[in-house]
**Q** 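The structure is given below, and queries will be raised subsequently.
All values derive from a computational prediction rather than experimental measurement. So that the names make sense, note that chain A is the first sequence line, chain B the second, and so on, each numbered from 1.
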Amino acid sequence: MPRARGSKHPADGLPRRRVAAIQRRLLRWYAAHRRRLPWRRARPDPYRVWVAEIMLQQTQISTVIPYYERFVARFCNVAALAAADEEEVLALWSGLGYYSRARSLLRSARLLIERHDGRLPRQRDLLESLPGIGRYTAGAILSIAFSQPEPAVDGNVRRVLTRLMLTKQKPVQRSRCQRTAAGRPRRAGAPAPGAGRFSEPTAAELEVRARDLVSSVPPADFNQAIMELGALVCRPSAPLCATCPLSRVCEARRLGVQEQVPSPRKQPATVRQSRAVALIHNNGRVLVERAFSPGTPRGLWDLPGTLIPENSEPRRHLERHLRSQGLGTRVGARLACVEHGITFRRIRCTAYETVLDGSALSESPAAGRPARRWVERSHLRSLPMGSAARRLLASCRRPI
DNA sequence: TATGCGTGGAC
DNA sequence: TGTCCAAGCAT
């Protein structure tokens, strides 16, 4: 897109002086406040940047750090990852959630070996063609690992830019003369985004703004600076405007509406379900089965169990289920109750202890039954475990 | 454009 | 303990 002559950026109408002020203030703030993170290095390793960015999708930094450390210690480069078993990759991911990220990471590593000499490509279209890499992640890798002036708009950046460049909706009749935040006419009849009082930029508009801002500055520092500001200062609620380096140039702050934008997304209704699992053990070994009952992500091993219909008695229902699965036994004492979430469902999971004669059970699955295996308790950590098994075994003090 | 995909932290 | 919440990618 050719840049218009004059002092304005073409898409958003931001004066150049304001762009320069935002860049300068943000970079100065970042130099003083950046967090030391294991993937932030003076000379970034593209592989490590990639792994970190995938783990950070929808996941908080404090959660990611230990997983990241273990992962890059085990798989130090693309080739090591590409040669791995999916089960081992999932085991290292176990507990981090969104397991398709791990599967995509492995598939991408193998594609990089096949097609790109084991290196991450430096072109956006090639990066975005890899499983698990979308608009944001490609921009993050290009800017952080390869110092390219590419935008990387994540939730933090969206929030910072939306607040920074908010435009108030005019109360006059809206028609084709109504302008978006980017200065383009809004489609006639199209609903204005946001709460109604303010015009919030679309994803495409945000990317145009982010691209303007990241030009002519060090891209790795700038993109990380704006994300860091969103995480630490320009928080979703109770933003710390008093200490924000951009508060003087922030439109939402000027209007006093920083907590009202961006408008919150609709939260899907929570559906609650109950599940019961059996900790079946024998001579120090625990019986696990692979992702069969709802509540365990695909490919993970969890304790045998079943969903409990409403108004059913969990213990009775679990016993019936175990009998139907050839695990004919009575369940013993209730061990624990763990609650975990599958997306926006919450599943309350009650665990019961059961001792079973190992000789009574074949590990070869019958048709229509899940894969089962006996695992030494000390080896459970090397398995990708579902959350019921993981959390129960982590909290269970009694020796098995 | 809407929905499914996990989890842990804040309150 | 229960409830709410985050905000990328694939389909």
Side-chain angles (χ1 to χ4, degrees), chain A residues 50-68 90 92-108 124 127-141 151-163 187 190-191 193 200-204 206-207 210 223 226-227 230-232 234-239 259 261-275 291 294-300 302 336-350 384-391 394-395:
Chain A
W50 172 42
V51 170
E53 287 301 334
I54 299 297
M55 287 189 170
L56 286 164
Q57 288 170 4
Q58 297 282 279
T59 312
Q60 294 176 342
I61 283 179
S62 57
T63 303
V64 163
I65 288 173
Y67 285 88
Y68 170 84
L90 283 172
L92 283 166
W93 208 275
S94 177
L96 199 52
Y98 289 133
Y99 297 92
S100 66
R101 295 182 296 175
R103 280 186 282 268
S104 295
L105 197 66
L106 178 58
R107 280 170 56 209
S108 288
R124 185 179 269 277
L127 276 176
E128 287 184 18
S129 73
L130 293 167
I133 298 184
R135 293 295 297 170
Y136 162 75
T137 306
I141 292 170
V153 180
D154 76 337
N156 291 308
V157 177
R158 170 173 169 261
R159 187 168 57 252
V160 171
L161 292 183
T162 298
R163 286 174 174 166
R187 217 161 10 98
E200 293 182 22
T202 64
L206 285 171
E207 201 165 294
N223 278 348
I226 191 165
M227 286 190 269
L232 299 180
C234 195
R235 308 183 301 195
S237 62
E259 297 218 44
V261 291
S263 52
R265 292 169 189 225
K266 265 189 306 193
Q267 197 74 9
T270 304
V271 177
R272 291 187 177 281
Q273 295 181 306
S274 294
R275 178 174 168 236
T296 299
R298 186 164 54 98
L300 271 60
D302 212 339
C337 191
V338 296
E339 186 166 287
H340 55 114
I342 301 294
T343 318
F344 299 108
R345 290 198 304 266
R346 304 300 299 189
I347 300 189
R348 183 198 298 276
C349 180
T350 312
M385 273 198 297
S387 63
R390 195 179 58 255
R391 293 171 71 167
S395 64

**Q** Please state how far atom CZ in R101(A) lies from atom P in dG4(B), giving the value in whole angstrom units.
**A** 19 Å
**Q** How far does the P atom of dA7(C) sit from the matching atom of dC11(B), given to the nearest Å?
**A** 15 Å
**Q** Just jot down the side-chain hydrogen bond (donor to acceptor under 3.5 Å, both in side chains) partners of Q60(A), sequence neighbours excluded, or say none.
**A**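 Q60(A) satisfies side-chain hydrogen bond (donor to acceptor under 3.5 Å, both in side chains) with no residue once adjacent residues are dropped.
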**Q** Spell out, as yes or no, whether a donor-acceptor pair under 3.5 Å connects the side chain of R101(A) to the backbone of M55(A).
**A** yes
**Q** Short question: side chain of R124(A), backbone of R135(A) - any donor-acceptor pair under 3.5 Å?
**A**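 Here the side-chain-to-backbone pair exists.
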**Q** Test of understanding: with salt bridge (charged side-chain N to carboxylate O under 4.0 Å, His left out), list the residues that count as partners of D302(A), not counting sequence neighbours.
**A** R275(A)
**Q** With the threshold set at under 4.0 Å for non-hydrogen atoms, list the residues of residues 127-138 of chain A touching DNA chain B in residue-number order.
**A** none
**Q** Using a 3.5 Å distance criterion without hydrogens, assess whether the side chain of R158(A) forms a donor-acceptor pair with backbone atoms of L206(A).
**A**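 The answer is no, because no donor-acceptor pair under 3.5 Å joins these two groups.
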**Q** Got a second to check how far S94(A)'s OG is from L92(A)'s CG, nearest 0.5 Å?
**A**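 The distance works out to 9.5 Å.
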**Q** Short question: side chain of T59(A), backbone of Q57(A) - any donor-acceptor pair under 3.5 Å?
**A**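 Between the backbone of Q57(A) and the side chain of T59(A) there is a qualifying donor-acceptor contact (under 3.5 Å).
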**Q** Measure the CZ-CD distance between R163(A) and E259(A) for me, rounded to the nearest 0.5 Å.
**A**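 Rounded to the nearest 0.5 Å, the CZ-CD separation comes to 7.0 Å.
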**Q** Output one line per pair: protein atom, nucleotide atom from nucleotides 8-11 of chain B, and distance, for all N/O pairs under 3.5 Å.
**A**
residue: dG8(B); atom: O6; partner: R346(A); partner atom: NH1; Å: 3.3

**Q** Any idea which of dC9(C), dA7(C), dT7(B) is nearest the P236(A) side chain?
**A**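 Of the candidates, dA7(C) comes closest.
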**Q** Rounding to the closest angstrom, what is the interatomic distance between dC9(C) and dG9(B) at atom C1'?
**A**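 Nearest-Å result for dC9(C) against dG9(B) at atom C1': 23 Å.
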**Q** Of I54(A), I133(A), L130(A), which is the lone residue that meets side-chain contact (heavy atoms from CB on, under 4.5 Å) with L105(A)?
**A**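 Of the listed residues I54(A), I133(A), L130(A), the side-chain contact (heavy atoms from CB on, under 4.5 Å) partner of L105(A) is I54(A).
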**Q** In whole angstrom, give the distance that lies between atom CD1 of I61(A) and atom P of dT7(B).
**A**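 The distance from CD1 of I61(A) to P of dT7(B) comes to 20 Å, rounded to the nearest Å.
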**Q** Measure CG/L56(A) against P/dA6(C) and give the value in whole Å, please.
**A**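 About 18 Å, once rounded to whole Å.
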**Q** When the P atoms of dG8(B) and dA10(C) are compared, how many Å lie between them, rounded to an integer?
**A**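 Here dA10(C) and dG8(B) have their P atoms 23 Å from each other.
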**Q** For nucleotides 1-3 of chain B, tabulate all protein N/O to nucleotide N/O atom pairs closer than 3.5 Å, reporting atom names and distance.
**A**
none

**Q** Got a sec, which residues hit side-chain hydrogen bond (donor to acceptor under 3.5 Å, both in side chains) with Y136(A), two or more places apart in sequence or on another chain?
**A**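 With sequence neighbours excluded, Y136(A) shows a side-chain hydrogen bond (donor to acceptor under 3.5 Å, both in side chains) to E53(A), given in chain and number order.
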**Q** Return the minimal non-hydrogen interatomic distance between A138(A) and L127(A), and the atom names on each side.
**A**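 Looks like O-CD1, 3.9 Å.
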**Q** Mind checking the P distance from dG6(B) to dG2(C)? Whole angstroms is fine.
**A**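 After rounding to an integer number of Å, I get 23 Å for this pair.
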